[in-house]
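This report concerns only the one structure given below.
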Amino acid sequence: MTKKTILSASVPTGVLTVGNYIGAIANWSAMQEKYNCLYAVADLHAWTVHQDPEMLRKRSLSFYAQYIALGLDPEKNILFMQSHVKEHAELAWILSCFTSTGALNRMTQFKDKSQQHAKNINAGLYTYPVLMAADILLYQANLVPVGEDQKQHLELTRDLVENLNGKFGDVFTMPDPFIPKLGARIMSLQDPEKKMSKSDENEKNFVSILDDPKKIMKKVKSAVTDSGSEIRYDENNKGIANLMTLYSAFSGKDMPTIEAEFDGKMYGHLKVALGELICETLAPVQEKYHDLIANKDHLHELMRSGAEKARERATKTLASVYDKVGFYRV
Ligand code: ATP
Ligand code: MG
């Protein structure tokens, strides 16, 4: 049986957090044996909101190195920069001609982001879901790991597949959402009602995977908790539940084991133990990251080879699409 293809991408804004790690990347490295995996640093998507060019360049390289440091093997996966494969933009154009403005008007992320960036409601922000559809369809991906926030965009992709396959015969593989087994949702440290996010303006809300141990301890110790003292998992006590979820994800222990371990102890004990556990887990990741980032030539080599492998698939799909829609070929 041929392996299924998975595509996932992350926009290089901010620094990856322990939320991204637990919710996404820890699963990615577990999937690399079972599936054909492609992971992109989605730099084209970044410009839907304003960017500082030098910062974007730096972050893109950093994200690429973070992927590898977090366990994605560039030999087993295709790791690439979206802008290195020009077919993304080309396919997005074709797809945009088959997407109604009515459908784009219904996208809740567009509505949310237009409010957040009221001074820069650009056409790219509006057509973002079309570019995302191109990312997925170029590689004939069977599965796409999506969080709650991306479900609507995947639906739009599926509608495009139905529409184009109906008109032109089988051009694209129908992608399904991939919901990983593991993958707790990690909440913000200062406001456990909302999710931890790498683009959060308040850096106390997240632990980034590149934070030094001092910073990690400080952020975890100052995490907001309720006024109770017993360490019991209760979804209503969001702060302590979040710290326990983190502890569970990083230690592999289940909640009853954690409750027993901290029986009779205070919140402070859990915070210190969790902080130390995160530091310990991230130490080798950070070491690997710093080695990687110190050798740009090597990273560039990996990027070139990743892009080449991605392009091999992308050109095939695009050629077939160009053919079907009637572009003159010589
Ligand atoms: P942004 O604020 O830029 O949207 P983000 O932290 O939400 O950043 P994304 O690039 O949107 O990150 O998502 C990357 C991956 O990380 C997705 O698979 C998403 O489901 C996962 N993810 C993001 N935040 C969390 C979280 N708090 N807990 C678990 N998984 C998360
Ligand atoms: Mg997000």
Side-chain angles (χ1 to χ4, degrees), residues 6-31 35 37-51 55-56 59-60 62-64 66-67 70-72 77 79 81-82 107-113 115-117 125 128-129 131-132 135-136 141 143-154 175 177-211 219-220 223 238-239 241-250 278:
I6 290 196
L7 177 116
S8 197
S10 195
V11 182
T13 46
V15 178
L16 291 168
T17 70
V18 293
N20 300 130
Y21 175 62
I22 291 166
I25 296 164
N27 294 299
W28 292 358
S29 37
M31 290 169 345
Y35 301 100
C37 304
L38 294 111
Y39 297 107
V41 176
D43 50 357
L44 294 179
H45 284 279
W47 264 104
T48 53
V49 302
H50 182 77
Q51 298 292 327
M55 188 69 105
L56 175 61
R59 279 185 175 147
S60 299
S62 171
F63 260 58
Y64 195 87
Q66 288 173 58
Y67 279 5
L70 281 165
L72 294 185
N77 304 280
L79 307 182
M81 291 287 184
Q82 186 187 24
M107 296 295 127
T108 56
Q109 192 178 83
F110 173 66
K111 291 183 205 164
D112 293 347
K113 293 233 168 171
Q115 276 178 355
Q116 275 172 35
H117 306 277
L125 187 64
Y128 178 114
L131 181 58
M132 178 170 156
D135 299 340
I136 297 166
L143 298 166
V144 185
V146 276
E148 207 51 55
D149 51 336
Q150 297 294 345
K151 270 196 186 147
Q152 207 185 15
H153 295 164
L154 187 64
F178 179 76
I179 318 283
K181 274 192 223 104
L182 217 142
R185 194 172 152 88
I186 304 301
M187 309 308 282
S188 152
L189 295 178
Q190 294 296 315
D191 179 4
E193 296 284 335
K194 64 172 197 188
K195 85 166 190 77
M196 186 180 281
S197 228
K198 65 177 148 59
S199 62
D200 201 311
E201 282 155 18
N202 181 1
E203 71 156 309
K204 283 187 181 159
N205 281 335
F206 56 80
V207 172
S208 103
I209 66 139
L210 297 179
D211 279 343
K219 286 180 177 178
V220 175
K238 293 228 160 61
N242 190 37
L243 297 181
M244 290 178 77
T245 303
L246 275 165
Y247 193 79
S248 167
F250 275 99
I278 296 178

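Order of listing sets the numbers, starting from 1, for every ligand and every atom in it.
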Contact (N/O only, under 3.5 Å) between Gly19 and ligand 1: yes
Hey, could you give me the OH/CH2 distance between Tyr39 and Trp28, rounded to the nearest 0.5 Å? 6.5 Å
Please say whether Ile186 places an N or O atom under 3.5 Å from an N or O atom belonging to ligand 1. yes
Report yes or no: does Ile22 have a heavy atom closer than 4.0 Å to ligand 1? no
Give the atom numbers and elements of ligand 1 that come within less than 4.0 Å of a heavy atom of Arg185. 28 (N), 29 (C)
For Asp200, is at least one N or O under 3.5 Å away from an N or O on ligand 1? no
Between Ser199 and ligand 1, is there a nitrogen or oxygen pair with a distance under 3.5 Å? yes
Hey, could you give me the CG/OG distance between Asn20 and Ser197, rounded to the nearest 0.5 Å? 8.0 Å
So between Lys194, Lys195, Lys113, Met187, whose heavy atom ends up nearest atom 7 (O) of ligand 1? Lys195
Look at the side chain of Lys198 and the backbone N and O of Val11, then say whether any donor-acceptor pair between them is shorter than 3.5 Å. yes
What is the distance from atom OG1 of Thr17 to atom CG of Asn205, rounded to the nearest 0.5 Å? 11.0 Å
Spatial distance of atom NE2 (His153) from atom OG1 (Thr108) [nearest 0.5 Å]: 6.5 Å
If you measure from OG on Ser10 to NE2 on His45, what distance do you get to the nearest 0.5 Å? 10.5 Å
What I want to know is whether Met196 and ligand 1 share at least one N or O pair that is separated by under 3.5 angstrom. yes
Any non-hydrogen side-chain atom of Phe178 less than 4.5 Å from a side-chain atom of Asn27? no
Spacing of CD belonging to Gln190 relative to NZ belonging to Lys219, to within rounding of 0.5 Å: 10.0 Å
Those atoms of ligand 1 less than 4.0 Å from some heavy atom in Ser10: 10 (O), 14 (C)
Nitrogen or oxygen of Thr17 less than 3.5 angstrom from that of ligand 1: no
Proximal atoms of ligand 1 relative to Thr13 (non-hydrogen, under 4.0 Å): 3 (O)
